[in-house]
Amino acid sequence: VCLAGALTLSNAAYVYISVGYIQMVKSCTSTIVYVVAVLVGQEIFSLRCGASLFLICGGVALSSFGELDFNVIGFGLQLTATVVEAVRLIILKALVSSSGIQLDAMSGLYYYAPTCLVAMLVPLSSRVEGAVPWDKVWALHPVLLASGLIAFALHLTILVFLRHASSTTYAATGVLKDVILIASTS
């Protein structure tokens, strides 16, 4: 349910704010994940880590003041999507960690994937402007199959990573991924 919520809210934010600004707000994910993990007792508060993550959020705040096309609705949608994503990562970490339920990555995916599918069908079943009509979906089956296999591999990798690292570390690697992506396309 959290994955569907995060995707839906994040995609809705694209209507109101720019892609670059969305990436800036997403860089706060590691901070939000850390705060939620500390609140639920999954991580212990560290002043050093908290200060580092506070600097990241400070940069996002400064970029918000400098954003020419700032929109409160878009910012709210993206921030809510980020909080929902943080909750999702905390839950996944609890599923596969040694202090949680202790599922291996494949078993975690066995329970996680069908739940995600059902939760994602709810927003997909509503008529969204620009969506592919249901009668045309079969023509896209090769693309959908390839996308599904990539998503399977990605989620399996996420679960393996979360088994060995904290959810905050995973969120911080997302920022590193964005930096590498931006540097390689410049």
Using links of under 4.5 Å between side-chain heavy atoms of ILVMFWY residues, direct or through other members, which residues join [X] in one cluster?
X	value
Val87	Ile91
Leu55	none
Val35	Leu39
Leu149	Leu145

Between atom CG of Leu9 and atom CD of Glu85, what is the distance when rounded to the nearest 0.5 Å?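 Between atom CG of Leu9 and atom CD of Glu85 there are 11.0 Å.
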
Let me confirm one number: the CG-SG distance from Leu79 to Cys28, rounded to the nearest 0.5 Å.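 Rounded to the nearest 0.5 Å, the CG-SG separation comes to 7.5 Å.
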
[X]-[Y] co-clustered via ILVMFWY side chain contacts under 4.5 Å:
X	Y	result
Leu47	Tyr34	yes
Phe45	Phe54	no
Leu154	Leu159	yes
Ile150	Phe152	no

Are Tyr21 and Phe75 close enough that some pair of their side-chain heavy atoms sits under 4.5 Å apart?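 A side-chain contact exists here, since the closest heavy-atom pair is under 4.5 Å.
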
Please examine the side chains of Tyr14 and Val19, heavy atoms only from C-beta on, and report whether any two atoms are closer than 4.5 Å. yes

Is it the case that the side chain of Ser147 and the backbone of Val143 share a donor-acceptor pair, with hydrogens and angles ignored and the cut-off at 3.5 Å?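 Between the backbone of Val143 and the side chain of Ser147 there is no qualifying donor-acceptor contact (under 3.5 Å).
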
Ser167 side chain vs Ile90 backbone, donor-acceptor pair below 3.5 Å: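 Such a contact is absent between Ser167 side chain and Ile90 backbone.
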
Taking only residues two or more places apart in sequence, or in another chain, which ones meet Val83 in a side chain to side chain contact (heavy atoms under 4.5 Å, CB included)? Ile32

Just jot down the side chain to side chain contact (heavy atoms under 4.5 Å, CB included) partners of Tyr170, sequence neighbours excluded, or say none. Leu89, Ile158, Phe161, Leu162, Thr173

Return the minimal non-hydrogen interatomic distance between Ala94 and Gln42, and the atom names on each side. N-NE2, 3.6 Å

